[in-house]
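Here's the structure we're looking at; comments come further down.
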Amino acid sequence: MEHIISVVQEKTAKTKPGGLYVLLCILGWGADIAAFVFSIINFVTENFPVAITLIVVAFLGLIGMTIFSCGFHIVEPNQAIVLTLFGKYYGTVKEAGFYYVNPFCSMAAPAKMNTPQRAAGAASPETVSLTLGTGLSSKKISLRTRTLNNERQKVNDILGNPIIIGANVIWKVADPTAAVFNVENFEHYLSTQCDSVIRNIARLYPYDTMEDDAEEKTLRGSSNEIAEMMETELQKRVTDAGLEIIDVRIMHLAYAEEIAAAMLQRQQAVAIIAARQKIVEGAVSMVKMAIDQLGEEEIVVLDEERKAAMVSNLLVVLCGNKDAQPIVNSGSIY
């Protein structure tokens, strides 16, 4: 995947203390109002040249003070504003406070997405709209930590089994300048890249393995390791968009409905076989111990045929699914 080439390098915008310029703004509006009042007085006294001059001054002052008043900006904690001046990047303000900047500067913001089209397996419109709604109501860029709930999507694992997987991404904007200028909408971009990363990595591993291979990674048994791989890969893709991935966790993992019943039967069969193996191992050990103790203590002497019959009977009793019904032999064993 080709990386996005950054068009600008972030820099701090030139700002002035907002409180001082509020005082200047009040004085300017006061002078403009005074010029308008004196123009009316001169009209009443029929001093028309002075009155006309004062009206022109008041009108120009009105325009000037209106433009001057547009330079005030309030930045809250964990917020940033990206400023442009006549189409060129002017600077970024990250520190919280009340500032005055060039009144001709305008705040840049990511393009607002309308109704995003849903690709196969991508997040639903409701989920995307919830994610994209954060921070788009204003042109200020939020630097707070946010959460992307990726909807469950169907993916084939490395064995071709269809599975349903969903992940949760915790992220934040680290470089607001890159987030605004490098991509159309950084939140929608993150959602799309998250879908792609989950699909690509989920295809590399089986959902589960039926063999006792502790070294083989699976989506179910190695979810933490695979989530870390998703986090690393997703971070590579969104770094140039000014985003920082804090954590990725797999929130849902299951077989798809069409094979869920069959895979459940397979898992049950494997569990039954494993249980039977343990039962047989234990039964053989108990039978051997019984024959050895009978022979060592000379409680009863059995020939090979009787030993075989005893072994068969004990294995039936120990390995059977139901309790055996004993039959007492009151005669001779021979």
Side-chain angles (χ1 to χ4, degrees), residues 6-115 129 132-144 173 175-188 242:
S6 180
V7 295
V8 293
Q9 295 294 328
E10 185 176 274
K11 64 180 180 180
T12 303
K14 297 178 180 179
T15 60
K16 304 295 182 181
L20 175 62
Y21 279 77
V22 166
L23 179 60
L24 295 178
C25 185
I26 293 174
L27 294 177
W29 281 110
D32 189 56
I33 294 173
F36 181 73
V37 171
F38 280 111
S39 67
I40 295 176
I41 294 175
N42 281 275
F43 264 114
V44 174
T45 59
E46 297 183 353
N47 190 358
F48 297 110
V50 176
I52 294 174
T53 301
L54 290 175
I55 288 178
V56 171
V57 171
F59 180 74
L60 294 178
L62 176 64
I63 297 175
M65 291 309 302
T66 301
I67 297 175
F68 182 85
S69 300
C70 294
F72 295 101
H73 294 280
I74 297 176
V75 180
E76 298 177 1
N78 281 327
Q79 277 190 344
I81 56 175
V82 180
L83 301 173
T84 58
L85 179 61
F86 302 122
K88 294 184 178 180
Y89 175 59
Y90 183 79
T92 302
V93 181
K94 292 182 179 180
E95 298 293 331
F98 181 45
Y99 300 99
Y100 184 83
V101 298
N102 190 325
F104 292 100
C105 288
S106 60
M107 288 191 294
K112 185 174 183 178
M113 308 300 294
N114 295 323
T115 303
S129 62
L132 300 183
T134 305
L136 292 181
S137 59
S138 68
K139 294 185 178 181
K140 296 179 181 179
I141 308 300
S142 175
L143 304 181
R144 300 180 178 95
V173 176
D175 186 347
T177 305
V180 171
F181 292 121
N182 285 359
V183 292
E184 186 74 9
N185 183 282
F186 60 87
E187 293 173 317
H188 187 264

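One-based numbering along the sequence shown.
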(request) Could you tell me which non-hydrogen atom of A35 sits nearest to which non-hydrogen atom of A58, and how far apart they are? (result) CB-CB, 4.1 Å

(message) Among residues at least two apart in sequence or on other chains, which ones pass ring pair (Phe, Tyr, Trp, His ring centres under 6.0 Å) with F59?
(response) none

(request) Check T12, D175, T177 against T92 for a side-chain hydrogen bond (donor to acceptor under 3.5 Å, both in side chains) and give me the one that passes. (result) T177

(message) Working to the nearest 0.5 angstrom, can you tell me the gap between L60 CG and I55 CD1?
(response) 12.0 Å

(request) Over all heavy atoms of both residues, which pair between S69 and W29 is shortest? Give the atoms and the distance, please. (result) OG-NE1, 3.3 Å

(message) Can you list everything that forms a ring pair (Phe, Tyr, Trp, His ring centres under 6.0 Å) with F36? Sequence neighbours excluded, please.
(response) none

(request) Verify, without hydrogens or angle tests, whether Y100 (side chain) and V22 (backbone) share a donor-acceptor contact under 3.5 angstrom. (result) no

(request) Mind checking the CD1-CE spacing from I33 to M65? Nearest 0.5 Å is all I need. (result) 10.0 Å

(request) Identify which one of L54, T53, V57 satisfies the side-chain contact (heavy atoms from CB on, under 4.5 Å) criterion when paired with S39. (result) L54

(message) Is there a side-chain contact between M107 and L83 in this structure, where contact means two heavy atoms from C-beta onward sitting under 4.5 Å apart?
(response) yes

(request) Identify, with sequence neighbours excluded, every residue that meets side chain to side chain donor-acceptor pair (under 3.5 Å) alongside T84. (result) S106

(request) Please report the closest heavy-atom contact between A108 and V180, naming both atoms and the distance. (result) CB-CG1, 3.8 Å

(message) Are there over 12 heavy-atom neighbours, none belonging to F72, within less than 6.0 Å of that residue's CZ?
(response) yes

(request) Kindly give the heavy-atom pair with the smallest separation between A80 and L143, and that separation in Å. (result) CB-CD1, 4.1 Å

(request) Check ring pair (Phe, Tyr, Trp, His ring centres under 6.0 Å) between Y99 and all other residues, then give those that pass, not counting sequence neighbours. (result) none

(message) Run I81 and H73 through side-chain contact (heavy atoms from CB on, under 4.5 Å) and show every step you take.
(response) CA-CA 9 Å; I81 56 175; H73 294 280; 3.9 Å; yes

(request) Please list, chain by chain and in numerical order, all residues satisfying side chain to side chain donor-acceptor pair (under 3.5 Å) with N102, sequence neighbours excluded. (result) none

(message) Any side-chain to backbone donor/acceptor pair from N42 onto F38? Under 3.5 Å, distance only.
(response) yes

(request) Considering non-hydrogen atoms only, spot the tightest contact between F186 and A179 and give its length. (result) CD2-O, 3.6 Å

(request) Sequence neighbours left out, what pairs pass salt bridge (Lys or Arg N to Asp or Glu O under 4.0 Å) with at least one residue falling in residues 8-20? (result) E10-K94

